[in-house]
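Shown next, in structure tokens, is the structure this report addresses.
Counting starts at 1 for both ligands and their atoms, following the listed order. Numbers here simply count residues along the sequence, with the first being 1.
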Amino acid sequence: MAKNIDWSKVGFDPIRTDFIIRSDFSGGAWSEPQAVPFDDFRLDPWAGTLHYATSCFEGLKAFRGKDGKVRIFRPDENAKRMERTAQYLGIPGPSVNMFIEMCVECVKRNIDYLPPYGYNASMYLRPILLGVSPQVGLTVPYECTFAVMCVPVGSYSGTRRLSSVKGVIVRNYDRAAPNGSGAYKLSANYPGSFKPYSEAHRFGYTEMLFLNPATKEFVDEFGSSNFFGIKGKSYVTPLSDSVLPSITNKSLRVVAEDLGYVVENRRIPSSELPEFSEVAACGTAVVITPICSLDDKPSLESEEVSAHYQYTKQGEVGPVCQKLYDHLTGIQFGEVEDIHGWTLEVK
Ligand code: PLP
Ligand code: COI
């Protein structure tokens, strides 16, 4: 049944769709996945995930193409990343096939929530893996739930078109610990950003750039996305073991090479930040969000700005970011040939 959604207004807010696709791990095996009506999704109040954050997640998108076809972008990569994260957590995770099949089923069962082509909007898929067996003590869960839900989304930063936003370098908070879990998509990696985000937003910054937690000398990533900078003909992106390996960044490196740029994946000293002609955040949610300026402050709470790097005027987008964005979203919306076989058609 067609839903009464104004596609020109969708942002990045949760809504109740029709179904969640769910499978439960118990007695050493996963159950046959079921489409559960959204409001029937239940958890035991003693479920470990609610107490000890035994939980990880993924984020990927399905698109309605120019040709009317429905495509999911690189679900195999998200499946493999969840496998790695589950191993880190020490809990059973879905196989790559099971992950992909449940994502496809989620799109099909909620197809009326997939934005039509032409609105620059898509369907965000949110797979979650939870330790659900009841526990009070610190024990490894023996029952888990894997579920895939979805929501129609537009732009993450709220702007209707590609537009640059202000960023700030974070010096008095860390997203990840040295030798910690930053390279894995644990749910517990995120709430530590809420307070710094509200401080950053209070001062008018949309994005926060974290430095490597051990020495604070090198660029790591933004709160919910990877960093890249353009320097001459190079696409430069940090090599760091505390950064989440972004599938968007992995794809953009290939797109950059296809467009004739050289990719440098290396440590980026924060002192190099003034040398980039363009800087951007990249990720599934933010796609490419160009950063017009970065302020360096002794602390997020401080009024003092010790350095200011300006890349473009606020709202404006540099030519390389624009080209990369057009190419990547072109593949996703079926406007540009998918020569790397990144999209999975949902039939
Ligand atoms: N970095 C962090 C901390 C993230 O949460 C995300 C989002 O998933 C990314 C980077 C971007 O990763 P991807 O491009 O796979 O969405
Ligand atoms: C994504 O880009 O898929 C993310 O997971 C970011 C999210 C934390 C908003």
Side-chain angles (χ1 to χ4, degrees), residues 10-14 53 55-63 72-85 88 99 103 106 121-129 148-158 165 167 170 173-177 180-194 196-197 200-201 206-213 219-228 235 237-256 265 279-289 291 324-325 328-329 331-332 342-343:
V10 288
F12 214 90
D13 301 305
S55 149
C56 63
F57 70 98
E58 274 300 329
L60 64 165
K61 281 177 174 168
F63 301 82
I72 306 181
F73 190 68
R74 307 193 80 172
D76 51 324
E77 289 291 333
N78 293 88
K80 287 186 269 177
R81 193 168 63 189
M82 181 169 266
E83 243 180 6
R84 282 182 44 237
T85 308
Y88 181 89
F99 180 103
C103 287
C106 184
S122 56
M123 175 187 274
Y124 184 74
L125 298 172
R126 172 49 65 83
I128 50 173
L129 175 62
V148 184
M149 60 184 80
C150 66
V151 62
V153 294
S155 94
Y156 189 66
S157 63
V165 300
V170 187
Y173 296 90
D174 290 313
R175 191 193 81 86
S181 61
Y184 301 90
K185 208 159 167 62
L186 303 193
S187 307
N189 287 347
Y190 292 83
S193 298
F194 294 168
Y197 258 123
H201 292 165
T206 304
E207 275 303 338
M208 299 183 296
L209 181 59
F210 289 96
L211 303 175
N212 74 308
V219 173
D220 246 3
E221 65 174 331
F222 295 99
S224 65
S225 47
N226 274 185
F227 171 100
F228 73 82
Y235 174 103
T237 193
L239 184 64
S240 162
D241 55 13
S242 43
V243 159
L244 187 78
S246 153
I247 296 154
T248 313
N249 193 357
K250 184 174 182 178
S251 311
L252 284 173
R253 285 186 240 168
V254 176
V255 169
N265 185 202
V279 156
C282 66
T284 301
V286 305
V287 194
I288 289 178
T289 297
I291 304 296
L324 292 168
Y325 177 87
L328 179 73
T329 56
I331 295 171
Q332 295 171 329
W342 285 340
T343 57

Task: Glu58, portion touching ligand 2 at heavy-atom distance under 4.0 Å - done: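 The answer is neither.
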
Report the distance from atom [atom1] of [X] to atom [atom2] of [Y], rounding to the nearest 0.5 Å.
X	Y	atom1	atom2	answer
Cys103	Leu60	SG	CG	5.0 Å
Leu186	Ser55	CG	OG	8.0 Å
Tyr124	Phe12	OH	CZ	5.0 Å
Cys282	Leu324	SG	CG	9.5 Å
Arg253	Phe228	CZ	CZ	11.5 Å

Considering only heavy atoms of [X], which atoms of ligand 2 have at least one such atom less than 4.0 Å away?
X	answer
Tyr156	9 (C)
Lys185	4 (C), 5 (O)
Arg126	5 (O)
Phe57	5 (O)
Tyr124	1 (C), 3 (O), 4 (C), 5 (O)

Measure the distance from [atom] to every protein heavy atom, then report the residue, atom name and distance (to 0.1 Å) of the closest one.
atom	answer
atom 6 (C) of ligand 1	Ser224 O, 3.2 Å
atom 2 (O) of ligand 2	Ala285 N, 2.8 Å
atom 7 (C) of ligand 1	Lys185 NZ, 3.3 Å
atom 1 (N) of ligand 1	Glu221 OE1, 2.6 Å
atom 5 (O) of ligand 1	Tyr190 OH, 2.5 Å
atom 8 (C) of ligand 2	Tyr190 CE2, 3.7 Å

Open item on the list: If you measure every N or O of Thr248 against every N or O of ligand 1, does any of those distances drop under 3.5 Å?
Closed with: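 Between Thr248 and ligand 1 (N or O atoms, distance only) the closest approach is under 3.5 Å.
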
Could you pull out the closest heavy-atom pair between [X] and [Y], with the gap in Å?
X	Y	answer
Phe210	Ser193	CZ-OG, 4.2 Å
Val165	Thr289	CG2-CG2, 3.6 Å
Asn78	Gly59	ND2-O, 3.0 Å

- [ ] Check for a donor-acceptor pair, side chain of Asn189 on one end and backbone N or O of Arg175 on the other, with a separation under 3.5 Å.
- [x]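 Checking the backbone N and O of Arg175 against the side chain of Asn189, no donor-acceptor pair under 3.5 Å is found.
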
- [ ] Would you kindly specify which portion of Ser246 sits under 4.0 Å from ligand 1, judged on non-hydrogen atoms: side chain, backbone, both or neither?
- [x]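 The part of Ser246 near ligand 1 is both the backbone and the side chain.
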
TODO: For ligand 1, note which part of Arg175 has a heavy atom under 4.0 Å away: side chain, backbone, both or neither.
DONE: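 It is the side chain that gets close, since no backbone atom is under 4.0 Å.
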
Which of the atoms of ligand 1 are close to [X], meaning less than 4.0 Å from one of its heavy atoms?
X	answer
Gly223	3 (C)
Thr284	13 (P), 14 (O), 16 (O)
Ile247	13 (P), 14 (O), 15 (O)
Asn226	1 (N), 10 (C)

- [ ] Output yes when Glu58 and Arg126 qualify as a salt bridge under the 4.0 Å nitrogen-oxygen rule, no when they do not.
- [x]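 So Glu58 does not pair with Arg126 through a salt bridge.
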
Task: salt_bridge(Lys250, Glu77) N-O dist < 4.0 Å - done: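 Looking at Glu77 together with Lys250, the answer is yes, because their closest N to O distance falls below 4.0 Å.
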
Task: Test of ring centre spacing under 6.0 Å for Phe194 and Tyr173 - done: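 For Phe194 and Tyr173, the ring centres are not under 6.0 Å apart.
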
Task: Contact with ligand 1 for Arg81, non-hydrogen, under 4.0 angstrom - done: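 Checking ligand 1 against Arg81, which is what was asked, there is a heavy-atom contact under 4.0 Å.
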
Open item on the list: Polar contacts were defined as any N/O atom of the residue lying under 3.5 Å from an N/O atom of the ligand; does this apply to Gly283 and ligand 2?
Closed with: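 No - when backbone and side-chain N and O of Gly283 are compared with those of ligand 2, no distance drops under 3.5 Å.
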
Task: Plane angle bin for Phe73 and Phe63 - parallel if under 30°, tilted between 30 and 60°, otherwise perpendicular - done: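 Ring orientation, 0 to 90° scale: perpendicular.
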
